[in-house]
Every structure is written in structure tokens, then in C-alpha cells.
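The chains referred to below are lettered A, B, ... by the order of the sequence lines, with proteins before strands, and numbering in each begins at 1.
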Number of protein chains: 2
Amino acid sequence: MKPLIHPDIDNITVEGILHALSDPVRVAIYADMAGAGCAQTCSTFLQVVDRSIPKSTLSQHFRTLREAGLIRSERQGVEMLNTTRCGEIEQRFPGLLPAIMSAHRVQLMQKARMARRKPAGSRTSTG
Amino acid sequence: MKPLIHPDIDNITVEGILHALSDPVRVAIYADMAGAGCAQTCSTFLQVVDRSIPKSTLSQHFRTLREAGLIRSERQGVEMLNTTRCGEIEQRFPGLLPAIMSAHRVQLMQKARMARRKPAGSRTSTG
DNA sequence: TCCATAGTTCGTAAAATACGAACTATGGAA
DNA sequence: TTCCATAGTTCGTATTTTACGAACTATGGA
């Protein structure tokens, strides 16, 4: 098993962060993790991401988050404990993650409103 | 020629914005455009992005920015005038774009510092 | 030693991206 | 009107990235 890669704080890039968080599954994972306040295992997120996502795919998503510098993963017995690196990133890119998380919440709330308005799976046609 | 697609403000997603700005060429274009204060043509950015980038590729980048809702493009005679939609987006996702642009500037400044420190094209080895 | 659990890696099919060639739309000159 | 130049788009294809099942690795416990 190859050792996990955690980039040094100075090698974390804005593009890497944005790319990592531009995927709905990953941003959901990250948001949940940021809100959790304590380290969480990978499998925890099988519940967060309600679709039954293959664990190989989930593993890749964690790798992407890790190599973008967003999270730190440490083996703890048979499982893997993940924590966000938001403190470090806040130092390097002040306000970036809070703004993304805030925007993410705005979007979640809007989605919830839309779902309440039109129950079945219909979408607005946007030319 | 198909009509240009500009998503309605309510259909602009955080993921779409992050994806669009997760490319170094696109974020450079967007940053320049946001700083310009007036509409700019596509070809303007051939200078901003110093690499000689093919115009088909540049066109695709503009399309990505446009369809993510970040910019608005209007034909003006023989050329295309582009403006950011930062006002609208600020309403929907307050603070998101300023934070990304700020982080981008931090990164540019760090790169400039590094380049001054080590003139030739050498990079830090980050395992 | 054997098994279960948690996650990684590999192989391959599907999707996204880059870029040259060909095309479209507009404006100006002959 | 016809022809040409400019600015940008679209198409075709090679390359890169991503998704996911199958096989593998690492740890803990019976």
C-alpha cells in the first residue's frame, strides 16, 4: 500500500482546491466533514452521499480531496480517520473555504425550496 | 452559429463556478476580466495567457466560463464583448467570487516570490 | 491461523479536454 | 454586389481524466 500523499501547505493551489470541490460528491463529503468537528472514517459518508456509491469511487474521491490538500487522512486501526485542513488553508487563503461552504449552503437551501415547490423530478428548462 | 447560452442566475451552481475557475487559463482570463472594468474581446486574452494558446481552445474556455454563468458574451460587430456577471453572482453567492479572486492573488504573489528566489525552471519536490 | 472489515489499486469502458482544420458571421474595400 | 480580412465557433480525433467492478492489502479479533 503506497503511503498517502499530503501536500505541504505551500504547494496547495487554488485550482486544486476548486477542482476538488467542483464535484458534488466531494463537496458534500467535505461539507459534512467540516461540520462534524471530529475525525470521521470514509465509510461514514456512504450515508451522507445517499446514492449507493462504489467504495472504489469513494476512495478516489478521498484521494482527490487529500491530494488537493483539503483533508488529512490517518490510519487508525482498521479504518481511516479524516480531518479537514481548514485551519492551514485559512492561513494561506483567508476566507476561501468559508465562502465556498457558505455558497454551498445557499445552494442546498435553494434546492430544498425547489423540491418543496415541485415534488416530482421535474427541472426548470433553462435555454 | 448556435446562439450563446447564458444560464439564468438561479441555475448557476457552485460546482459549475468552481469547475470553471479550476483551470489556470480560465481563472487568469476571469481575473483579468474582473479587473478590467470594461467589456473585453476574446482575443485580448491571447496576451494575458502568454502561452500561444490555439483560438479554438480559447473559444472553448470562454464557452465554459459563459455556461457556468461567470461571464456574459455579446457580439459587437465582428468581435465578441465579454463582461463578468459578478454582480448577479454576488447576490446569489455573497463573497464567493471575491474570496476566490483574493486567493488567486495570494497565489500569484507567492509564485512571483518563488520565481525571484529561484530564477530557472526548478520546482520544489513535494512527495 | 483464519476470517471480517475498511480501504486501496488495477483494468477497462465512458466522458471530458485540447487542438488543427474547416466553417460562420460581420465589416470594409473594390 | 462581390471579394477579402478579422474574430470567433464547430467538427473530428487523439489524449487525458473519471467511474466502477474485481482483486488486493492492512489491521484486529476469534
Side-chain angles (χ1 to χ4, degrees), chain A residues 1-6 13 15-29 32-33 38-68 70-83, chain B residues 1-6 13 15-30 32-33 38-68 70-83 127:
Chain A
M1 207 83 47
K2 297 165 193 169
L4 304 181
I5 293 172
H6 293 96
T13 66
E15 290 90 340
I17 290 174
L18 299 191
H19 170 75
L21 296 180
S22 71
D23 180 277
V25 172
R26 286 194 296 265
V27 76
I29 291 173
D32 189 85
M33 209 152 136
C38 63
Q40 294 196 284
T41 66
C42 296
S43 55
T44 303
F45 300 95
L46 285 172
Q47 294 141 24
V48 174
V49 184
D50 69 338
R51 288 176 287 172
S52 76
I53 189 172
K55 65 179 184 169
S56 62
T57 302
L58 197 63
S59 177
Q60 292 298 341
H61 282 316
F62 273 89
R63 186 157 89 107
T64 300
L65 288 169
R66 191 162 54 233
E67 297 189 356
L70 282 163
I71 67 173
R72 199 176 286 285
S73 310
E74 280 182 287
R75 179 150 230 145
Q76 191 78 12
V78 84
E79 40 191 32
M80 195 77 94
L81 289 188
N82 301 284
T83 48
Chain B
M1 205 97 29
K2 296 161 192 168
L4 304 180
I5 293 171
H6 293 96
T13 66
E15 291 90 341
I17 290 174
L18 299 190
H19 170 74
L21 296 180
S22 71
D23 179 277
V25 171
R26 285 194 297 264
V27 76
I29 290 173
Y30 184 82
D32 189 84
M33 208 152 135
C38 63
Q40 294 197 283
T41 66
C42 297
S43 55
T44 303
F45 300 94
L46 285 172
Q47 293 142 25
V48 174
V49 183
D50 69 338
R51 289 175 288 173
S52 76
I53 189 174
K55 63 178 185 171
S56 63
T57 303
L58 197 64
S59 176
Q60 292 298 340
H61 283 315
F62 273 89
R63 186 157 89 108
T64 300
L65 289 168
R66 192 163 51 235
E67 298 189 356
L70 282 163
I71 67 174
R72 198 175 286 285
S73 311
E74 281 182 287
R75 178 149 231 146
Q76 191 79 10
V78 85
E79 39 190 32
M80 196 75 95
L81 290 188
N82 301 285
T83 48

- Query: Has the side chain of B/Ser59 got a donor or acceptor atom that lies under 3.5 Å from a matching backbone atom of B/Lys55?
  - Reply: no

- Message: Counting runs of three or more consecutive pairs, Watson-Crick or G-U wobble, with each distance below 3.5 Å, where are the stems of DNA chain D?
- Response: C:1-30 with D:1-30

- Item | With sequence neighbours excluded, residues passing side chain to side chain donor-acceptor pair (under 3.5 Å) with A/His19 | none

- Can you sort out the partners of B/Ala28 under side chain to side chain contact (heavy atoms under 4.5 Å, CB included), two or more places apart, ordered by chain and number? none

- Message: Run the side chain to side chain contact (heavy atoms under 4.5 Å, CB included) test against A/Ser43 and tell me which residues pass, sequence neighbours left out.
- Response: A/Thr41, A/Leu46

- Query: DNA chain D: B/Arg66 or A/Gln60, which has the more 5' nearest nucleotide?
  - Reply: B/Arg66

- Item | B/Glu74: salt bridge (charged side-chain N to carboxylate O under 4.0 Å, His left out) partners, not counting sequence neighbours | none

- Message: Within the 4.0 Å heavy-atom criterion, would you say B/Ser59 contacts the bases, only the backbone, or no part of the nucleic acid?
- Response: base

- Item | Covered region of DNA chain D, 5' end to 3' end, by chain B [heavy atoms, under 4.0 Å] | D/dT6 to D/dC11

- Apply side chain to side chain contact (heavy atoms under 4.5 Å, CB included) to A/Leu4 and list each qualifying residue two or more places apart in sequence or on a separate chain. A/His6, A/Arg66, A/Ser73, A/Met80

- Message: List the residues meeting side chain to side chain contact (heavy atoms under 4.5 Å, CB included) with A/Ser56, not counting sequence neighbours, and say none if there are none.
- Response: A/Pro54

- Task: Quick one: label A/Thr57 by what it contacts on the DNA or RNA (base, sugar-phosphate, nothing), any heavy atom closer than 4.0 Å.
- Result: base

- Task: Could you check B/His61 against B/Lys55 and say which one's nearest nucleotide on DNA chain C is further toward the 5' end?
- Result: B/His61

- Task: Using the test salt bridge (charged side-chain N to carboxylate O under 4.0 Å, His left out), find all partners of A/Arg63 that sit at least two apart in sequence or belong to another chain.
- Result: A/Glu67

- Message: Taking the nucleotide of DNA chain D with the nearest heavy atom to each, does A/Arg75 or A/His19 sit closer to the 5' end?
- Response: A/His19

- Check the distance between C/dG27's C1' and B/Gln76's CD and give it to me in whole angstrom. 13 Å

- Look at all strands and tell whether A/Arg26 reaches a base, only sugar-phosphate, or nothing, counting heavy atoms closer than 4.0 Å. nothing

